[in-house]
Amino acid sequence: MNATPDFRFDGRVAVVTGAGRGLGRAHALLLAERGAKVVVNDLGGTKEGEGSDAGPANDVVREITAAGGVAVADTNNVGEEEGCHALVQTAVREFGRIDIVVNNAGISRFATFPEADAENLDLTLDVHLRGTWHTTRAAWPYMVEQGYGRVITTTSTGMFGLPDNLAYATAKGALIGFTRSLSLEGASHGIRVNCVAPNAITRPSTSAAKPNITTTALDDARLQALRTDLVSPMVAYLAHEDCTVNGEILVAGAQRFARWFLAVSPGYHSAGTGTPTVEEVAGNWNEITDESGYYVPASLHDWTSRFMAHLGA
Ligand code: NAI
């Protein structure tokens, strides 16, 4: 018995940023194959975010239409607020609505302290964080009005610690706070907001820190296992109307799908009446950091009620 429903997107309009290459391209192809009308956004610059080229976005649109799908190219820069608004307008103008925003566009400027300067931080935040913020914000009123929307943001497991790409890890961390908070805001409007942490070999995988990892025979097998289209089923699921998941972070790639969650340890409760001392903190470090019995707060309110449970209701 096959109980799997056919997840289709007929009548839905999706914007996928950075869809001219890599993961965004794979997401756009899958959504289009399943019936969505897709705005293929891509500025077409280098992986460091320099320059522009309409080629990648146009190529993907050609690929989609050749396969019988419906798509339009958009070359707006999501690193600029007006570009994000113009991108959403492309969807509304061309297809009359906007149901899905996949915030995927990204750049990678490897640098750590003290080399990672203000320009590095600004450009990285502009594309990853502000691009997601402004594109989603531009789409938001349409989604609220229609009482429906699906927003996907893209974080990175670089958040676990990526010292040689500090601004990138910083921006990706910020997106988790954005996703979690906006998911609560969207819930009553029928809007779901979730975050994907992909794992695939694309342009940024070949960096100064990891010199051309695609050249050896061993890497051929790895390349297959790390294909971009192995990430897209998770993105498409989160983009579907049957998906009620909200505010979650999902890791996807290499044929594995997993939940990444933010947890808090029960910790140590200082039962004394006075001010806890530094020595008390140091002396109870094991209990403070013991992971057993951890909880996964659904919101600030949820965390508050657990962290301060000893104070009573
Ligand atoms: P990619 O470099 O192959 O594709 C990114 C696309 O975004 C490019 O086509 C680029 O032209 C476009 N883009 C960049 N800045 C833009 C802007 N300002 N406006 C519009 N388009 C812009 O990289 P990849 O790997 O496909 O990355 C996609 C997303 O996935 C990024 O957010 C990246 O940080 C994230 N990611 C990827 C991982 C991986 O394993 N490949 C791991 C973790 C996160």
Side-chain angles (χ1 to χ4, degrees), residues 15-29 39-61 73-88 90 101-110 122-135 152-162 165 167-176 178-179 195-207 209-210 213-214 222-223 225-232 234-235 249-254 256 260:
V15 162
V16 183
T17 70
R21 302 187 185 97
L23 288 155
R25 171 179 166 273
H27 304 337
L29 290 177
V39 177
V40 176
N41 160 264
D42 206 292
L43 179 62
T46 65
K47 66 185 178 193
E48 288 82 18
E50 278 141 16
S52 61
D53 177 4
N58 285 321
D59 287 349
V60 173
V61 168
D74 178 287
T75 55
N76 277 296
N77 179 1
V78 300
E80 295 173 353
E81 182 174 4
E82 54 275 25
C84 299
H85 285 272
L87 161 59
V88 169
T90 299
V101 175
V102 181
N103 292 290
N104 163 84
I107 59 170
S108 195
R109 300 171 74 89
F110 273 78
D122 284 345
L123 283 173
T124 306
L125 292 181
D126 281 349
V127 178
H128 291 276
L129 178 59
R130 295 194 181 91
T132 298
W133 180 290
H134 295 308
T135 304
I152 289 110
T153 62
T154 306
T155 188
S156 169
T157 47
M159 255 283 291
F160 291 135
L162 182 62
N165 202 343
Y168 178 85
T170 303
K172 291 306 199 186
L175 284 168
I176 291 180
F178 173 80
T179 303
C195 191
V196 168
N199 183 34
I201 289 184
T202 56
R203 286 195 309 174
S205 314
T206 55
S207 67
K210 289 183 276 180
I213 58 173
T214 65
R222 232 182 144 72
L223 263 176
L226 289 168
R227 290 196 332 257
T228 53
D229 61 312
L230 302 184
V231 173
S232 303
M234 176 59 81
V235 171
I249 313 160
L250 290 312
V251 191
R256 190 187 292 276
W260 165 355

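Read the numbers this way: they start at 1 and go in the same order the structure lists the ligands and their atoms.
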*Asks:* Which protein residues have a heavy atom under 4.0 Å from ligand 1?
*Replies:*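 Those residues closer than 4.0 Å to ligand 1 by some heavy atom are G18, R21, G22, L23, N41, D42, L43, G44, G45, N76, N77, V78, G79, N104, A105, G106, I107, V127, H128, T154, T155, S156, Y168, K172, P198, N199, A200, T202, R203, P204.
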*Asks:* How far apart are the C-alpha atoms of E50 and I107, what are their side-chain angles, what is the distance that settles it, and do they pass the side-chain contact (heavy atoms from CB on, under 4.5 Å) test?
*Replies:* CA-CA 9 Å; E50 278 141 16; I107 59 170; over 6 Å; no
*Asks:* Does any donor atom in the side chain of T153 or T179 lie under 3.5 Å from an acceptor atom in the other side chain?
*Replies:*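 T179 and T153 do have a side-chain donor-acceptor pair below 3.5 Å.
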*Asks:* Any side-chain heavy-atom pair from V88 and T135 closer than 4.5 angstrom?
*Replies:*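 Yes, at least one pair of side-chain atoms sits under 4.5 Å.
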*Asks:* Within the 4.5 Å heavy-atom criterion, are R109 and T124 side-chain neighbours or not?
*Replies:*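 Result yes, sub-4.5 Å side-chain heavy-atom pair found.
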*Asks:* Answer with yes or no whether the side chains of T157 and N199 bring together a donor and an acceptor at under 3.5 Å.
*Replies:*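 Side chains of N199 and T157: no pair found under 3.5 Å.
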*Asks:* Would you mind writing out the side-chain donor-acceptor pairs for residues 52-60 within the sub-3.5 Å range, not counting sequence neighbours?
*Replies:*
residue : atom : partner : partner atom : Å
D53     : OD1  : G55     : N            : 2.8
N58     : ND2  : A54     : O            : 3.1
D59     : OD1  : R62     : NH2          : 2.7

